[in-house]
Amino acid sequence: MITFVNVFTVKPGQQQTAFERIQQVYLEVVKVQPGFIDAVLLKSDDETKVTAIAHWEKSEQVAALLQQPRFQELHNEEFYRAVAKIEPNFYSTAIAVTA
């Protein structure tokens, strides 16, 4: 399993719009992709970022997602009016701590 963390820096006053667009991508496209396990979307309290943390079986499956026509359609002008910067990264689990 890999963890894919995508940090979206949003334009001033656009956090909710960005969140809604990103949520739409996850609900319509990501959740039905082979290899997708789960995800959480977070909004920063300072209203400057939206962060998506997703678990996938393999990183190659995320690459395949990027080629999906609906994924590309949803990354449209409205999406980029709200999002200033996207920082995607893959992570391997180093340690897990639970209560």
Side-chain angles (χ1 to χ4, degrees):
M1 179 176 73
I2 59 100
T3 301
F4 181 66
V5 179
N6 209 348
V7 179
F8 301 85
T9 301
V10 301
K11 295 178 181 174
Q14 295 296 309
Q15 186 189 46
Q16 185 60 34
T17 299
F19 177 80
E20 290 169 3
R21 297 296 150 258
I22 296 162
Q23 180 181 26
Q24 183 180 18
V25 170
Y26 272 81
L27 292 176
E28 288 186 25
V29 185
V30 175
K31 77 174 192 173
V32 298
Q33 295 306 304
F36 173 73
I37 299 168
D38 62 18
V40 61
L41 299 180
L42 307 169
K43 297 191 295 185
S44 66
D45 291 347
D46 66 2
E47 299 183 358
T48 63
K49 293 189 176 27
V50 175
T51 301
I53 303 171
H55 295 109
W56 291 80
E57 292 173 2
K58 297 183 249 178
S59 59
E60 296 82 9
Q61 294 162 322
V62 177
L65 164 71
L66 303 179
Q67 305 307 313
Q68 295 296 319
R70 184 66 178 146
F71 179 87
Q72 294 173 0
E73 287 172 16
L74 291 172
H75 285 76
N76 56 22
E77 185 178 326
E78 184 177 359
F79 178 89
Y80 287 106
R81 271 189 291 223
V83 174
K85 182 178 177 184
I86 303 172
E87 298 175 73
N89 289 287
F90 289 100
Y91 293 84
S92 298
T93 301
I95 185 172
V97 179
T98 59

Quick check: is [Y] connected to [X] through a chain of hydrophobic side chains (ILVMFWY, heavy atoms under 4.5 Å apart)?
| X | Y | answer |
| --- | --- | --- |
| F90 | F8 | yes |
| V7 | W56 | no |
| Y80 | F19 | yes |
| I86 | L42 | no |

Decide yes or no on side-chain contact (heavy atoms from CB on, under 4.5 Å) for F36 and Q61, but give the supporting numbers first. CA-CA 8 Å; F36 173 73; Q61 294 162 322; over 6 Å; no
Atom pair [atom1]/[atom2] of [X] and [Y] - distance to nearest 0.5 Å:
| X | Y | atom1 | atom2 | answer |
| --- | --- | --- | --- | --- |
| E57 | I37 | CD | CD1 | 5.5 Å |
| D38 | M1 | CG | CE | 7.5 Å |
| Q24 | R21 | CD | CZ | 6.0 Å |
| K49 | K43 | NZ | NZ | 15.5 Å |
| I22 | L27 | CD1 | CG | 12.0 Å |
| L65 | R70 | CG | CZ | 13.0 Å |

Taking side chain to side chain contact (heavy atoms under 4.5 Å, CB included) as the definition, give me every residue that meets it alongside T3, ordered by chain and number, with sequence neighbours left out. V5, I53, H55, Y91
Are the side chains of T17 and K11 in contact, using a 4.5 Å heavy-atom criterion? no
Would you mind reporting whether F4 and S59 have side-chain heavy atoms less than 4.5 Å apart? no
side-chain contact (heavy atoms from CB on, under 4.5 Å) for V25 and H75? Distances and angles first, verdict last. CA-CA 8 Å; V25 170; H75 285 76; 4.0 Å; yes
E20 and Q16: side-chain donor and acceptor closer than 3.5 Å? yes
What are the two closest non-hydrogen atoms of [X] and [Y], and how far apart are they?
| X | Y | result |
| --- | --- | --- |
| T9 | E87 | OG1-OE2, 4.0 Å |
| V50 | A18 | CG2-CB, 4.5 Å |
| Q23 | L41 | CA-CD1, 3.6 Å |

Would the distance check show the side chain of Q72 and the main-chain N or O of L66 forming a donor-acceptor pair, the cut-off being under 3.5 Å?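 Side chain of Q72 to backbone of L66, a donor-acceptor pair under 3.5 Å: yes, one is there.
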With a sphere of 6.0 Å drawn around CG of D45, does it hold more than 12 non-hydrogen atoms of other residues, nucleotides or ligands?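 No, the 6.0 Å shell around CG holds no more than 12 heavy atoms from other groups.
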